[in-house]
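Below you'll find the structure, written out as structure tokens, and then a few comments.
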Amino acid sequence: MKSANPIFTHPAIQLLSKCKTLNTLKQVHGHMITTGLAHHTYPLNKILHSSSVLELTYAHTIFDHIQNPTVFLFNTLISSIITNHRSQTHLAFSLYNRIILSGDDKLKPNCFTYPSLFKACRSQPWVRYGSVLHAHVLKFLEPGCDRFVQASLLNFYANCGKLGVARYLFDQINKPDLATWNSLLTAHARNASASVGGINDTDSCLSLEVFRLFNEMQNSLIMPNEITLVVLISACADLGALYQGMWAHAYVIRRGLKLNCYVVTSLINMYLKCGCLGLAYQTFDKLPQRDTSCYNAMIGGFAIHGYGQKALQIYEKMRIVGVLPDNVTFNVSMFACSGVGLVDEGCKVFESIKEVYGIEPTLEHYGYLVDLLARAGRLQDAEKRIKEMPMKPNATLWRSLYAGARIHGNVAIEKVALKHLLELEPETSDNYVFFSNMYARVNKWEYVNRVRKAGT
DNA sequence: TTAGGGTTAG
């Protein structure tokens with residue numbers, strides 16, 4: 001009987017996965033160097049992976065000391081950078097370039113090289129490299145050799161809005177598995193809800209296509225999972241299709257799928273979009289373990305339906321049970337206050353961002369604060385907040401101040417806000433109309449004509 | 001003997 005190679009079962013390798021700090025990892029690495037273990041690819045890959053999660057610089061130093069690293073080691077580092085250190089994506093691409101430009105016949109990218117790189121290409125500034133990578137896939141890999149590469153390509157094109165290419169690539173895949181089906185469904189749902197400026201016929205068609213694809217998927221005997229249902233329920237929300245959404249909810253229960261935070265959040269959102277606040281709350285209330293997103297959906301739901309006080313109660317409950325709020329939580333909570341004039345409560349939420357949670361308020365947070373104050377007629381406070389904020393205010397903030405000043409009849413502040421709006425958006429004709437309307441209201445007709453001329 | 005693709009909220 002052949003005994004296992006001791007390298008693979010060495011206790012130092014078991015220890016590696018338990019290292020929680022760079023210091024302990026360095027100790028194990030030192031031990032591996034003295035025992036000669038660090039010369040072998042298998043343990044080297046393990047240490048490269050563990051160190052890249054904890055401290056990328058250390059992993060890079062290890063990598064730079066490896067003579068003739070294999071494509072396996074390149075892939076490990078590339079994928080770890082993209083998964084754990086997205087801001088360092090350029091390092092992943094320079095590693096990829098090293099493979100391509102090595103001139104070494106033994107060093108070629110393989111099917112494990114591409115999925116993470118395509119994932120990186122979904123955000124700027126890397127999007128433009130996607131089609132280059134696609135060309136490399138065709139050059140270096142056998143056609144249709146790997147479903148992971150095919151699915152990641154599909155996701156890349158879907159993310160760019162090139163749904164036709166995504167569908168073409170899907171049709172090339174032999175017996176698509178569950179994740180590939182989910183990719184295609186996600187592609188349609190994402191493109192349906194990604195349009196700017198509201199619903200149009202194309203978007204509705206894409207959401208309807210999600211229904212059709214779901215049926216096609218079931219006919220191909222692939223069992224949907226929670227992810228599939230999240231996509232299906234989101235399509236129902238986009239269409240305002242309550243009956244289909246309820247059917248999907250029942251399907252989750254009937255098929256024994258988990259009502260996890262993703263599924264429940266999409267259900268809450270669907271019920272809210274269909275105007276069923278009660279059903280949204282029932283679904284929220286039944287979930288024993290809720291995450292931040294789930295709370296955000298419910299707070300936002302109460303806010304949109306005009307129940308600011310209820311929204312704040314949920315926000316308070318979140319604090320009591322110890323679920324950490326995020327930027328969205330602060331936004332929706334302040335929005336909830338704004339809608340029903342709970343000014344002091346909204347200000348308290350704003351102050352808590354820094355004082356309680358130690359987070360620097362963002363431009364968007366200031367936007368909600370100014371909107372809250374301006375709507376309530378606290379125009380001097382709103383203007384003071386804009387002037388004292390640490391970043392440059394954008395047009396949205398000045399517009400909120402303008403709207404508040406307009407409603408509450410404060411021409412002086414209205415004028416200040418409009419001047420800033422014109423500076424920031426000289427091309428927006430609405431701003432000139434607002435300005436001339438303001439002068440017309442105070443009977444300054446010579447200015448009305450002057451502003452109108454400037455705006456044409 | 002190790003690696004890679006799919007989900008929610010304003």
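Below, read A as the first sequence line, B as the second, and so on, with proteins coming before strands; counting in each chain starts at 1.
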Checklist line | salt bridge (charged side-chain N to carboxylate O under 4.0 Å, His left out) pairs, two or more places apart, involving residues 42-60 of chain A | finding: none
Notebook entry, point to check: Which residue pairs pass the salt bridge (charged side-chain N to carboxylate O under 4.0 Å, His left out) test when at least one of the two sits in residues 60-69 of chain A, sequence neighbours left out?
Noted result: D64(A)-R98(A)
Name every donor-acceptor pair, under 3.5 Å, that has one atom in a side chain of residues 36-45 of chain A and the other anywhere in the protein, sequence neighbours excluded.
residue	atom	partner	partner atom	Å
N45(A)	OD1	T76(A)	OG1	2.5

Note to self: With ring pair (Phe, Tyr, Trp, His ring centres under 6.0 Å) as the rule and sequence neighbours excluded, what pairs involving residues 220-262 of chain A come up?
What the structure shows: F214(A)-Y251(A), W247(A)-Y251(A), H249(A)-Y271(A)
Next item on the list: Sequence neighbours left out, what pairs pass ring pair (Phe, Tyr, Trp, His ring centres under 6.0 Å) with at least one residue falling in residues 325-345 of chain A?
Entry: F330(A)-Y357(A), F330(A)-H365(A)
Note to self: Each nucleotide in nucleotides 3-8 of chain B should get exactly one letter: B, S or -. Can you fill that in based on protein heavy atoms under 4.0 Å?
What the structure shows: BBBBBB
Within this structure, what is the [atom1]-to-[atom2] distance between [X] and [N], rounded to whole angstrom?
X       : N      : atom1 : atom2 : answer
M270(A) : dA9(B) : CE    : P     : 13 Å
I13(A)  : dT2(B) : CD1   : P     : 11 Å
I314(A) : dA9(B) : CD1   : P     : 18 Å

Check: Between C294(A) and L287(A), is any pair of side-chain heavy atoms under 4.5 Å apart?
Finding: yes
Note to self: By the 4.0 Å heavy-atom rule, please label Q150(A) as base, sugar-phosphate, or nothing.
What the structure shows: nothing
